[in-house]
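Everything numeric here is computed off the predicted structure, so don't read it as measured data. Chain naming here is simple, since letters A, B, ... match the order of the sequence lines and numbering starts at 1 in each. Values below: all heavy atoms of this structure, side chains included; hydrogens, waters and symmetry mates excluded.
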Amino acid sequence: MKELSKRFDFINIDEKWCKYWQENNTFSAKANPDKEPYTIVIPPPNVTGILHMGHALNNTLQDIIIRYKRMKGFETLWMPGTDHAGIATQNVVEKQLAKEGKSRQDVGRDAFLKRLWEWKKEYGNTIIHQLKKLGSSCDWQRTRFTMDEGYSEAVKTVFIRLYEKGLIYQGERIINWCPRCHTALSDEEAEHQETQGHLYHIKYPYRDNPKEHIIVATTRPETMLGDTAIAVNPNDDRYKALIGKKAILPLIEREIEIIADEFVDTQFGTGAVKVTPAHDPNDFEIGKRHDLEFINVMHPDGRINKLGGKFNGLDRFEARKLIVQELKELDLLVRIDTHSHSVGHCYRCSTVVEPYLSRQWFVKMKPLAEPAIEAVNNGKIKFHPQRWTKVYMNWMENIRDWCISRQIWWGHRIPIWYCQDCNEIIASSQDPEKCPKCSSSKLRQDPDVMDTWFSSWLWPFATLDWPQENEDLKYFYPTSSLFTAPEIIFFWVARMIMAGIEFMGDIPFSDVYLHGTVRDAKGRKMSKSLGNALDPLEIISEYGADALRFSLIMNSGQDLFISKEKFEIGRNFANKIWNASRLILMNAKEIDPDFDLGKTSASETVALPTRWIIAKYFETLKQVGAAIEDYKYSEAESHIYEFFWNNFCDWYLEIIKDQWQDTTVQNVAVKILENSLKFIHPFMPFVTEEIWSIIKEGEDPLSIQSWPKDIENIDSAKTLSSMQTLIDLITSIRNIRSQWKIKPNEMIKCILVTTSEESIDLIEINSSIIKALAKAKSLMISKELESAKNNAVAVVENIKCIVPLGDLLDIEQEKKKILAQIEQQQNASSSLSTRLNNEKFVNNAPAEVIEKEKARLETIDLNIKELKDVISSLE
RNA sequence: GGGCGAUUAGCUCAGUUGGUUAGAGCUCCUGACUUACAUUCAGGCGGCCGAGGGUUCGAGUCCUUCAUCGCCCACCA
């Protein structure tokens, strides 16, 4: 067997295996009738994306389960890909153009799109490369993009089907408009932030009595240019008499009516509201109810248009300033209150969103939502942790129609054409040549593209070439589980469920795992603008990909609070694995490839520590498997960490340190190492793959090895408890040694207080034994407790306490300590016996609890007796 | 305003259906250069389990009220 290098060189090892897995297509998946499929689709990162901690966490989780299932014998497909991310991507290229002093309109749609595709070709794979560095075991040959040709086919097909079903309609609405991106945003895309603004109180004079006025309050004075009414609550006594009266809109001098509407809150502001139906969603509703005029005073870029009179051409915020100033001069401004309210911001560029009247395409969601609610209600789809079910339900039950048109160029174009001659609307998945009604060839395609999510919601089946039918689609759909962040339950998860049921007739996945948000140590979201983002790639180069993965998962209960030091735990653990392997490889020379751990553990002739570590190993194997199946990854890691480090390295490898000549010991160490590598592999693929390749030179890579076999009913209770006794014994001896700073070469005397008749033995422990103890656990070299009899210490299985004597011991102080202990134990004893004499307890508590309590009482009483003996012996 | 979650050691978190003396890791402190590993080893300190009330033989765990924090949704003229 080869040896391991002294240093764990993760940089080269990461790179080596990353390359190997790709060149050999280790993770390619095919429909295979002999195996059960296990499929995951990646939440497609934005094509503009660069790897951040959220991706790292998300993909590590997926990789753990997919590697685990692969080793468990499933035909695993992890489908990778990227999302075309409409606005984000368009932004990137628009920025490029801006540097050249051009806008997208300057270059024109076709040329602009061409540049976008060029950009995509050049830079669009960045995130994919980064995901590979993480160790993600995707089937990379299948990498898909939401604007692939076939994928576009799926998007169009879906649009047409919904259109023909009557679920797609066009309508005028106040939508969230980003004046910078020039596009509509869905409600989910408008991020509301609490903002310190102002509430302006403005006088609107009455037409018939210009000296009197009604005062309205507004946060956006510039919208007054489009006011077409003033509304008051019909039950508001202050204003009842005014209903139906006319007022004059200042600055514009338009005559507007005072109307009554229940919507108005009498408590807020002045109780009178200016109504701007074209610029506010509520006013829009009021406008419809009262049949008001809709006056749009703004250009799509946020500048005031010619309906704004002399403010024509000014930016909305510029106009606000001027309007306020002018009102002041006219003595129409009563006062300005500071007012905190939440303002929508574009989720892409953070520009303040403008509620804007425009014509958009919508999908009716209710009919799609119903079966999707049912699928979760009847348990076909499960959320982990379960509490997210409520969040999903809450949204689905109050679902609103989905605005799917976007006024940008990068995306799937809406497959709708308008006939210039007869105004017919044509929906078609093929580009139509003439109007089916009037045969005119003057057709114009709708300029808008679809919301990016309108393609992502098809991801689980469109990536498998739907609407084409093929073997892969049949075999791998529905997928198994989905891993994503809770933020996109509405955007994506819910919509995928609806699409899956609607178009495939089956749910898209059965389990949804929602992981936490990665935050910095102070609990803030990691973001570039805050400058608190930790770059996963930096961590990879500094600590290794395995360290990144292991540490992230270790912290992944709920939200993760991450700082750089947290990655040390993973780095240290990888290093530990490396060094333990190195030690074993240096010493194990006679290896039997068919060595059977199960049989060895059952053999009484095998030394206790060996039987113990085997039992621990099987216990851990079970725990790790169960935890993964149960989506409890950090728990799985704790079991691994505890076993490998605290049991295997700290105890077993120490115990066998001078027994390497024993072939059983060699084989056990190697076998346990090999199998541990297997169950560590999903968490830390690189270091385990490397060590495996050295131990098992010439064999298949670890990634496609099978998961270790479990054995049923290993009876290890006795082994575990004997070993525990031994560990306790050694630990207490060690403690005493360190407590009184006894040096190994000193002769000391100890009293061993035992439960045997001799009760108190004065035993001399010579320096060689102390030295042995100091060498950590060497007592256990002896195969059995009995055979260690001559060693004087291990003779006594029931040692309760050990008290050293001699010059080093302050007897008075020791006595005090023991007396305190006695008191404590006596208290425990009396409260316990009260409890055991309580009828209700005896009648109600389960038998085993009572037994335990009785045993505990006995032990305590025994302890008291022994402590008293110690006291008397000291005197 | 509606919903969800959290509160356990200085910090970050575990803690099964209520059942021994509430556990880890990090930090801090004390020791050890023991040839796989100082990215190490052996120890120690540190807890009225957010507050009050209730159910129970028994509550970190169940119920209730309150407090503080976080997240999501809606509204905010």
Side-chain angles (χ1 to χ4, degrees), chain A residues 4 6-8 187-188 192 194 197 199-200 216-220 223 230-231 263-265 268-276 280-283 286 339-343 385 387-388 390-391 393-395 398 486-487 489-490 517 519 521 523 543 547 554-555 557-563 565-566 568-587 634-635 638 641-642 646 649-650 653-654 657 731 734-735 737-739 741 744 771 774-776 778 824 828 832 834-836 838-846 848-850 852-853 855-857 859-860:
Chain A
L4 262 55
K6 184 151 170 57
R7 228 177 60 84
F8 169 42
D187 289 338
E188 289 77 22
H192 287 267
E194 202 61 24
L199 191 57
Y200 303 88
V216 299
T218 179
T219 52
R220 293 185 294 146
T223 62
I230 292 168
F263 164 80
V264 180
D265 179 359
F268 191 92
T270 60
V273 190
K274 61 189 255 333
V275 183
T276 323
D280 183 278
N282 291 307
D283 293 8
I286 297 176
H339 178 64
S340 164
H341 60 145
S342 98
V343 176
R387 62 194 163 90
W388 292 107
K390 283 181 188 169
V391 176
M393 284 299 175
N394 196 24
W395 190 72
N398 301 299
E487 294 100 274
I489 292 182
F490 310 139
T517 308
R519 297 170 187 285
Y543 296 92
M554 204 64 172
N555 285 286
Q558 311 170 27
D559 279 1
L560 296 77
F561 298 87
I562 291 294
S563 55
E565 307 81 69
K566 293 242 163 130
E568 284 170 11
I569 188 170
R571 178 198 60 181
N572 296 357
F573 189 49
N575 185 254
K576 192 73 184 177
I577 296 171
W578 182 262
N579 280 296
S581 307
R582 206 161 94 85
L583 171 70
I584 293 169
L585 287 192
M586 276 167 20
N587 291 291
S634 60
E635 198 182 301
S638 307
Y641 189 86
E642 154 95 17
N646 299 354
C649 292
D650 286 350
L653 293 182
E654 290 297 336
K657 218 150 208 181
T731 308
R734 261 202 312 234
N735 286 352
R737 202 176 78 76
S738 91
Q739 214 172 332
K741 302 195 185 352
K771 214 170 189 174
K775 273 206 153 193
S778 62
Q824 202 192 341
L832 203 53
T834 319
R835 195 160 176 214
L836 280 164
N838 185 325
E839 254 179 63
K840 283 182 178 168
F841 173 71
V842 177
N843 293 337
N844 293 317
E848 49 178 88
V849 172
I850 297 177
K852 275 183 184 170
E853 297 283 59
R856 194 180 139 213
L857 182 62
T859 317
I860 291 176

request  = Quick one: label A/K274 by what it contacts on the DNA or RNA (base, sugar-phosphate, nothing), any heavy atom closer than 4.0 Å.
outcome  = nothing

message = Distance check, P atoms only: B/G10 and B/A22, in whole angstrom units.
response = 16 Å

query = How far, in whole Å, is B/C75 from B/U56 if one measures between their P atoms?
reply = 47 Å

key: A/D280 side chain vs A/T276 backbone, donor-acceptor pair below 3.5 Å   = no

query = How would you label the contact of A/V264 with the nucleic acid (heavy atoms, under 4.0 Å): base, sugar-phosphate, or nothing?
reply = base

query = Donor-acceptor pair under 3.5 Å: do we get one between A/K390's side chain and the base of B/C4?
reply = no

request  = Would you indicate which nucleotide in B/C57, B/A36, B/C41 comes nearest to any side-chain atom of A/D650?
outcome  = B/C41

Can you name the atoms? Protein N/O to nucleotides 17-24 of chain B N/O, anything below 3.5 Å, with the distance.
{"from": "B/G19", "atom 1": "N2", "to": "A/R835", "atom 2": "NH2", "distance (Å)": "2.7"}
{"from": "B/U20", "atom 1": "O3'", "to": "A/R856", "atom 2": "NH1", "distance (Å)": "2.8"}
{"from": "B/U20", "atom 1": "O2'", "to": "A/R856", "atom 2": "NE", "distance (Å)": "3.2"}
{"from": "B/U21", "atom 1": "OP1", "to": "A/R856", "atom 2": "NH1", "distance (Å)": "2.6"}
{"from": "B/U21", "atom 1": "OP1", "to": "A/R856", "atom 2": "NH2", "distance (Å)": "2.3"}

request  = Provide the distance between the two C1' atoms, one in B/U27 and one in B/C66, to the nearest whole Å.
outcome  = 34 Å

ask   = Can you tell me how far P in B/A42 sits from the matching atom in B/C48, rounded to whole Å?
value = 29 Å

message = Counting only Watson-Crick pairs (N1-N3 plus N6-O4 or O6-N4) and G-U wobbles (N1-O2, O6-N3), all under 3.5 Å, who is the partner of B/C71?
response = B/G3

message = What's the gap between B/A36 and B/C41 when it is taken at their P atoms, as a whole Å value?
response = 14 Å

query = Nearest of B/U12, B/U39, B/G25 to any side-chain atom of A/I569?
reply = B/G25

query = Can you tell which of B/C73, B/C41, B/A36 lies closest to the side chain of A/F490?
reply = B/C73

query = Which one is paired to B/C26, where only Watson-Crick or G-U wobble pairs with both distances under 3.5 angstrom count?
reply = B/G10

Gap in Å between the two C1' atoms, one belonging to B/G54 and one to B/A9, rounded = 29 Å

